[in-house]
Structure formats: C-alpha cells, structure tokens
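Position 1 is the first residue of the sequence; numbering continues from there. Atoms within a ligand are numbered from 1 in the order they appear, just like the ligands themselves.
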Amino acid sequence: MQTLIKNGTIVTALGEYQADIAIDGEKISMIGRNLPGSYEKVIDAAGRYVLPGGVDNHSHFEALNSDGVTFNAGYDTSYVAVLGGTTTVVDFASNDPGKSLIDSINYRLEVRAKGKVVPDIALHALCTDFSEETLEEIPKLVEMGVPTMKMFMAYKPTPMYMDDFKLLKTMQKAAEHGMTMFVHAENADVLNVLRDQYAEKGLLAPKYHYMTRPPYSESEAVSRAVTFAKAVRCPLCVVHVSCAEAAEVIKNARADGAPVVAETCPHYLVLDKHKMDDPDFDQSCRWVCSPALRDKADQDYLWDALKRDAVSLVGSDHAPIPMYQKYWGKDDFRAIPNGSPGSGDRLNVLWTYGVAAGRITRRKLVEIFAATPARLCGIYPQKGDIAVGSDADLVIFDPGYEGTFSVETNPTGVEYNAYEGMAQRGRPETVLLRGTVVVEAAKFVGTPGSGRFVPGKPYGMAYDLL
Ligand code: DUC
Ligand code: ZN
Ligand code: ZN
C-alpha cells in the first residue's frame, strides 16, 4: 500500500518543518514537497502536527504474581497505547516462578502477547529471582534482542528484592555485554522500618503509603546505584524518578561522567501526593504507586530537569491494576498493589501540561516521548523518528482539541483513569502503525495481534544520551 500524508507540520527531536510523507508498505519512503508517485491513500494533515509514534519504554500490560496468576489488565487492552499515540511499548518480562528469563520472554511473546498485542513490542528482562544462571543469561538476552534488564532495590524480603551483592554482580556482567541496566531505586530497609512503625500505630490508610516512602528513601538508593554504575561503567537508567532530591543525584552524577540517565513519568509531573489523602478508599487507592507521588515543587523541578536534559525521558509505568486488586489493601495500605495506568495518557499529559502550558517545546516532547526511549532500548531509528527508512509509525496530532481526561474518552483497560477530570488540550487524531491506520478520528480501528516483537541492539544508550 502506498500512502501519502500531506500538508502537515512534521516534528522530530531535531526540529520541525512542513513536508509531505510518502509511505511504501511499512516504511517511510520519501519526505518532501510535491512527492512523485501515485497513492492509494492520501491523508490531509493540514493544521495538524505529524509526530513519530511514541515509544513507551516503561509498561506493564501484563505482570505475573509470584503464584503465577495473571494480574494487570493484559495485552487485550494494549489498544489504549495506540489511542494515545504510542506505537511501540517496551514491557517488562519477569522470570516466572521456576523459569529462566529467556524462557519467560519466549513464553510472553509466543503465548501471552501473541494474537493480542496491538502496538509493536520490545522487552526488558525483569530479574525477579536472581541466581548465577541470571549472569549466564545476560549475553544470550542481548543476542536475542533484549539488551536491557531491570532490578528492584525495593520489596524486601521478596525474591524480587536485589541486594547490593546481586546488583553489583549483574552490573559488572551487563557492562561486559552491552546491556543497559534499569533500577527501581528505593532503599528497602528504610521503607520497611517506616511502614512497620506506622502499621504498629494502626496507621493503615492509603495516605500512609506516601508518608512511609519519603524522598530520602529514593535518593539514597539512586545514589548507590549510580555509584556502582560509574565504578563498573555500566549504562544505567533510573526509572520512575519522582522527586527533586533523587533527580539532583543523577544530575550531579551525569556532570561527573557517570553513564546514567533518568526517566520520569507523567504522574510525577502533574499529580501530587495529596490525592491519597481522600478518606474514600475507592479514590485514594488509585494513586498508590512506587515511588509515591510527591509535592508540587517536585513537579516543577522535574519539568525543569527535562528541559535541561538532567532527566532524559518520560515512560508511562503503565500498570493497569483493576479495582478489585486495589481492594486487597482496603484495611492495610501495604497490601495495595503498586501502580497506575497511563500508557494511553502519556502524550496527552505531556502536550497539555508541557507544550500547551509553555513548559517544553514540541521538539522536546518528541525527544522525551519517542526518540530518546527508542535510543535507550536500542530500536532507534527504526522507531522514534520520522526519516526515510524508519517504520511508518506516525501520529497526526490535532492541537485544537479541547476536552477532559476521563476513562470513557481516554481508556486505560481498567475502571479508572489517573487523570480523571483534568483538562486536556490536543489529541492524536490518526495513528499509523507500520503504514496501517490503527486510529482514525480518535477511535481505535486496528486489529488485535498487529504488534510485532522489535529486537533491540546492545548499548542502546550508545553513550550519546550522556
Ligand atoms: N515499579 C514499577 O516500575 N512499576 C509498578 C510497580 C513498581 O514497583
Ligand atoms: Zn519500579
Ligand atoms: Zn514499572
């Protein structure tokens, strides 16, 4: 199929200009004015911005409990990403009980996601059970197109928790083989001390979630991970950085030459912790995520850090946890599963509260939403750019739309939207995934199972993000 997108303003991470885009099959074949050829489909993008399809480097469409029971809304709901302009998701594949990371990744692609996932999909390994075998798997993971691995410094004493011994050994091995490490940085002991102290006093409502996860519990762990990364020259991405204190550690480490980048998430940019003060559990439980939501001053710091490259990218940390699972913690905040949905909201939040609010430029938006995440995951410029030869993953964005975030217009795969009731400016009107229209007039028109695995190359961070 030959498609022409004409009259739009193209925005990439490098700048913006007016040009038409010709698509031949799944790839962008030409960019320019008065392009030759005949086209079966012509899309008029006058008055619209044409952006590269988003790359969400941080999603959990499906996660498995330690007992192997599926939770989170699942790949059936992954259409929400393309509705929000994200054409590639990078999900986390944990090692399922009794299985290696490699077997878990194959199972996830061949059984869980197959026939369901709508956007293209790349994967991070998520080590939730460490053994010497984990280290042996690292070169094989890189070879199979999974050049990134996440570890949890929180959640002690579960098998997910990685102490310094495990973290450092993994970073050493990762550095040898071109793997970029990701860390969930919170000091597990600090959290346990505080959580137990509050619980002993009977303080069990959702708001105690944020009171027992203070910024220092995050910044201490960030500083440890960054010190290791620098010492062993292991590329590191600190995910879901939530506060000024933690971001400051990364800013200083980068200035000092550490191979480290920071990711933040839309919720840390626009939502504050007092959401959890609501005495109605049905409301307050929705924002229990880790690290916890912070203060308005942290939001301002993070926007500014994005502008100055101290924070490099924005992932959604999409964790579509159904309400019945949130209710597991009705009487004790420690039992509320951590996470909030958001893959479909990432672009709309960044545009509304970033671009339309004058905080970031459109070029910066494309950088943090598509180009940098693609680089980090080793899938750039196949993904994350508008260039000849890149996949024709495109968002035709209507900046004139005005609405309100709601789970009806901005579905998440679960019963709620984390931004419910907040004003929205602009929205993706048409979205193409490898040349096929999957969103038209802001409605999903694609097919379940259209997503393909996108193998990443090693050293995705390529040191050029530093
Ligand atoms: N960390 C994440 O990155 N996502 C959900 C929960 C968590 O702890
Ligand atoms: Zn995490
Ligand atoms: Zn996450």
Side-chain angles (χ1 to χ4, degrees), residues 55-66 70-74 78 81 86 89-94 108 121-128 148-162 167 180-188 190-192 195 206 209-210 212-213 217-219 221-222 224-225 236-243 246 250 261-268 271 276 285-294 313-322 325-326 328-329 333-343 345-346 373 376-377 412-414 418:
V55 176
D56 188 354
N57 54 288
H58 191 156
S59 65
H60 307 270
F61 277 94
E62 181 171 303
L64 292 181
N65 259 327
S66 51
T70 305
F71 71 108
N72 288 6
S78 59
T86 285
V89 296
V90 193
D91 235 39
F92 289 84
S94 52
R108 180 169 285 248
I121 179 167
L123 289 173
H124 308 290
L126 172 56
C127 180
T128 47
T148 46
M149 184 191 291
K150 179 180 174 185
M151 287 189 150
F152 285 99
M153 299 168 79
Y155 304 123
K156 188 179 179 178
T158 71
M160 294 161 72
Y161 165 67
M162 298 294 145
L167 184 62
T180 298
M181 288 300 297
F182 284 41
V183 283
H184 173 125
E186 289 184 293
N187 181 309
V190 171
L191 304 183
N192 285 345
R195 283 153 69 85
H209 174 75
Y210 74 74
T212 55
R213 295 183 112 86
S217 62
E218 185 179 348
S219 60
V222 169
R224 213 169 349 124
L236 175 72
C237 174
V238 182
V239 294
H240 47 48
V241 172
S242 70
C243 59
I250 296 163
V261 293
E263 172 216 69
T264 191
C265 309
H267 40 286
Y268 300 121
L271 300 176
M276 276 171 277
C285 68
R286 301 171 185 207
W287 294 283
V288 170
C289 60
S290 290
L293 298 179
R294 307 293 187 193
L313 69 160
V314 177
S316 71
D317 200 0
H318 178 73
I321 298 167
Q325 292 177 3
K326 289 281 187 184
W328 291 339
F333 71 92
R334 294 173 298 176
I336 303 173
N338 286 194
S340 251
S343 196
D345 301 309
R346 195 170 57 113
L376 181 64
C377 300
T412 58
V414 288

For [X], take its heavy atoms, then give the atoms of ligand 1 lying under 4.0 Å from any of them.
| X | answer |
| --- | --- |
| K150 | 1 (N), 2 (C), 3 (O) |
| H184 | 1 (N), 7 (C), 8 (O) |
| D317 | 2 (C), 3 (O), 4 (N), 5 (C) |

Inset, instruction - Could you tell me if any non-hydrogen atom of F152 lies under 4.0 Å from any atom of ligand 1? - result: yes
Inset, instruction - Please confirm whether V239 comes under 4.0 Å of ligand 1, counting heavy atoms of the residue only. - result: no
Legend entry - the Zn ion (ligand 2) reached by A154 (N, O or S, under 2.8 Å):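 No, A154 does not qualify, because none of its backbone or side-chain N, O or S atoms lies under 2.8 Å.
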Which atoms form the tightest heavy-atom contact between [X] and [Y], and what is the distance?
| X | Y | result |
| --- | --- | --- |
| E186 | S290 | OE1-CB, 3.7 Å |
| I336 | P206 | CD1-CG, 4.1 Å |
| L236 | T180 | N-CG2, 4.3 Å |
| G339 | K326 | O-NZ, 2.8 Å |

Legend entry - Side-chain touch R294/Y210, heavy atoms, less than 4.5 angstrom: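 With C-beta onward as the side chain, the pair stays apart.
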Legend entry - Check: H209 side chain, C289 main-chain N or O, donor-acceptor pair, under 3.5 Å: yes
Legend entry - Check: E62 main-chain N/O paired with R108 side-chain donor or acceptor under 3.5 Å: yes
Inset, instruction - For ring-ring contact (aromatic ring centres under 6.0 Å, His included), just list the numbers for F182 and H58, CA-CA rounded to whole Å, side-chain angles, deciding distance to a tenth of an Å, and then say yes or no. - result: CA-CA 10 Å; F182 284 41; H58 191 156; 7.8 Å; no
Legend entry - Degrees at the Zn ion (ligand 3) between the NE2 atom of H60 and the OD1 atom of D317, nearest 10°: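 Angle NE2(H60)-the Zn ion (ligand 3)-OD1(D317): 100°, rounded to 10°.
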Inset, instruction - Please find the N/O/S atom of H184 nearest to the Zn ion (ligand 2) and write down its name. - result: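 Closest to the Zn ion (ligand 2) among those atoms: ND1.
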Inset, instruction - Among all protein heavy atoms, pick out the one at the shortest distance from atom 8 (O) of ligand 1; state its residue, atom name and that distance to 0.1 Å. - result: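 Protein heavy atom with the smallest distance to atom 8 (O) of ligand 1: Y155 OH, 2.4 Å.
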Legend entry - Heteroatom N/O/S of H240 within less than 2.8 Å of the Zn ion (ligand 3): no
Inset, instruction - Could you tell me whether N338 and ligand 1 have an N or O pair separated by under 3.5 Å? - result: no
